[in-house]
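The model shown is predicted, which means the values in this text are computed figures rather than measured ones.
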Amino acid sequence: QVQLVETGGNLVQTGGSLRLSCAASGTIFSFNAMAWYRQAPGKQRELVATITSDGSTNYADSVKGRFTISRDNAKNTVYLQMNSLKPEDTAVYYCNANGVKVSYYSSRRNYWGQGTQVTVSS
């Protein structure tokens, strides 16, 4: 019922920038936060950045000062601006909507996008 689609992943040079987009469709009655996760080959998925329903943001230490999460409420889209990219940023990046209720009567659950590949060359 809720769908998230990520776009913007690409191959970039070290020091370059990318902006990832996550467009949400379907009914979202309420939610706790939206977030970006990433997963590199052979590694566990890690939380990169979050933005709560009131606009508060948090970042992993590894990306603090380089990445910025934002949201365009009119477009139901969340963004991740990534600057000063490093090879260790290479991963599949996933959009997550946390604690989503599709109606007042529904239980909360998380929704995930399909992921978009970011590759940073050394």
Side-chain angles (χ1 to χ4, degrees):
Q1 191 165 354
V2 175
Q3 295 179 328
L4 306 176
V5 178
E6 303 100 328
T7 57
N10 212 333
L11 170 64
V12 298
Q13 183 177 305
T14 296
S17 298
L18 284 174
R19 189 178 73 164
L20 307 183
S21 299
C22 171
S25 63
T27 301
I28 300 180
F29 178 79
S30 66
F31 68 100
N32 292 333
M34 297 192 72
W36 286 96
Y37 289 77
R38 67 186 182 187
Q39 187 166 20
K43 297 188 63 179
Q44 294 292 320
R45 183 181 63 190
E46 65 173 336
L47 179 63
V48 176
T50 63
I51 183 166
T52 64
S53 59
D54 68 354
S56 298
T57 59
N58 286 281
Y59 300 92
D61 288 342
S62 59
V63 307
K64 199 168 298 182
R66 300 188 298 120
F67 290 11
T68 302
I69 187 171
S70 62
R71 190 174 73 241
D72 185 334
N73 292 334
K75 299 180 65 174
N76 291 321
T77 300
V78 64
Y79 303 95
L80 185 68
Q81 178 66 47
M82 305 185 295
N83 299 324
S84 302
L85 284 163
K86 307 173 181 179
E88 50 262 46
D89 295 318
T90 295
V92 177
Y93 284 71
Y94 296 93
C95 180
N96 168 259
N98 176 267
V100 174
K101 293 172 66 71
V102 298
S103 76
Y104 179 82
Y105 304 99
S106 68
S107 58
R108 296 185 183 275
R109 62 160 290 179
N110 292 344
Y111 291 88
W112 294 89
Q114 65 180 15
T116 186
Q117 177 71 49
V118 172
T119 302
V120 185
S121 62
S122 60

Measure the spacing between CG of L80 and CZ of R19 and express it to the nearest 0.5 Å. 10.5 Å

Which residues pass the side chain to side chain contact (heavy atoms under 4.5 Å, CB included) test with N73, sequence neighbours left out? R71

If the threshold is 4.0 Å, N to carboxylate O, is there a salt bridge linking D61 and K64? yes

Shortest non-hydrogen contact from C95 to V78? SG-CG1, 3.7 Å

Supply the atom-to-atom distance N10 CG to S17 OG, rounded to the nearest 0.5 angstrom. 12.5 Å

Gap between atom OG1 of T119 and atom CG of L11 - 0.5 Å precision: 6.0 Å

Is the backbone N or O of G99 less than 3.5 Å from a side-chain atom of N110, with the two atoms forming a donor-acceptor pair by type? yes

Kindly indicate whether the side chain of D89, heavy atoms from C-beta on, has any atom under 4.5 Å from the side chain of M82. no

Kindly indicate whether the side chain of N76, heavy atoms from C-beta on, has any atom under 4.5 Å from the side chain of S25. no

Please confirm whether the backbone N or O of V120 pairs with a side-chain atom of T90, one donor and one acceptor, at under 3.5 Å? yes

Value rounded to 0.5 Å, distance of OG in S30 from OH in Y104: 10.5 Å

List the atom of A40, the atom of A91, and the distance in Å for their closest heavy-atom pair. N-CB, 3.8 Å

For I69 and T50, work out which heavy atoms get closest and say how close. CG2-O, 3.5 Å

Can you tell me how far apart CD (E46) and CZ (R38) are? Round to the nearest 0.5 Å. 4.5 Å

Any side-chain heavy atom of W36 within less than 4.5 Å of one from E6? yes

List, by chain and then residue number, the residues other than V92 in its hydrophobic cluster (Ile/Leu/Val/Met/Phe/Trp/Tyr, side-chain heavy atoms under 4.5 Å); write none if there are no others. Y37, L47, Y94, W112

Begin from the C-alpha positions of T57 and F67 and carry the test side chain to side chain contact (heavy atoms under 4.5 Å, CB included) through to its verdict. CA-CA 11 Å; T57 59; F67 290 11; over 6 Å; no

Distance-only, no hydrogens or angles: does the S106 side chain make a donor-acceptor pair with backbone N or O of V102 under 3.5 Å? yes

Could you tell me the separation between the SG atom of C22 and the CD atom of Q3, rounded to the nearest 0.5 Å? 11.5 Å

Where is the tightest heavy-atom contact between G8 and L20, given as atom of each residue plus distance? C-CD2, 3.5 Å

Does E88 CD have over 12 foreign heavy atoms under 6.0 Å away? yes

Determine whether more than 12 heavy atoms belonging to other residues, nucleotides or ligands lie under 6.0 Å from atom NZ of K43. no

Write down the atom of L4, the atom of A97, and the distance for their closest heavy-atom approach. CD1-N, 3.7 Å

Y79 side-chain N/O to T68 backbone N/O, donor-acceptor pair under 3.5 Å: no

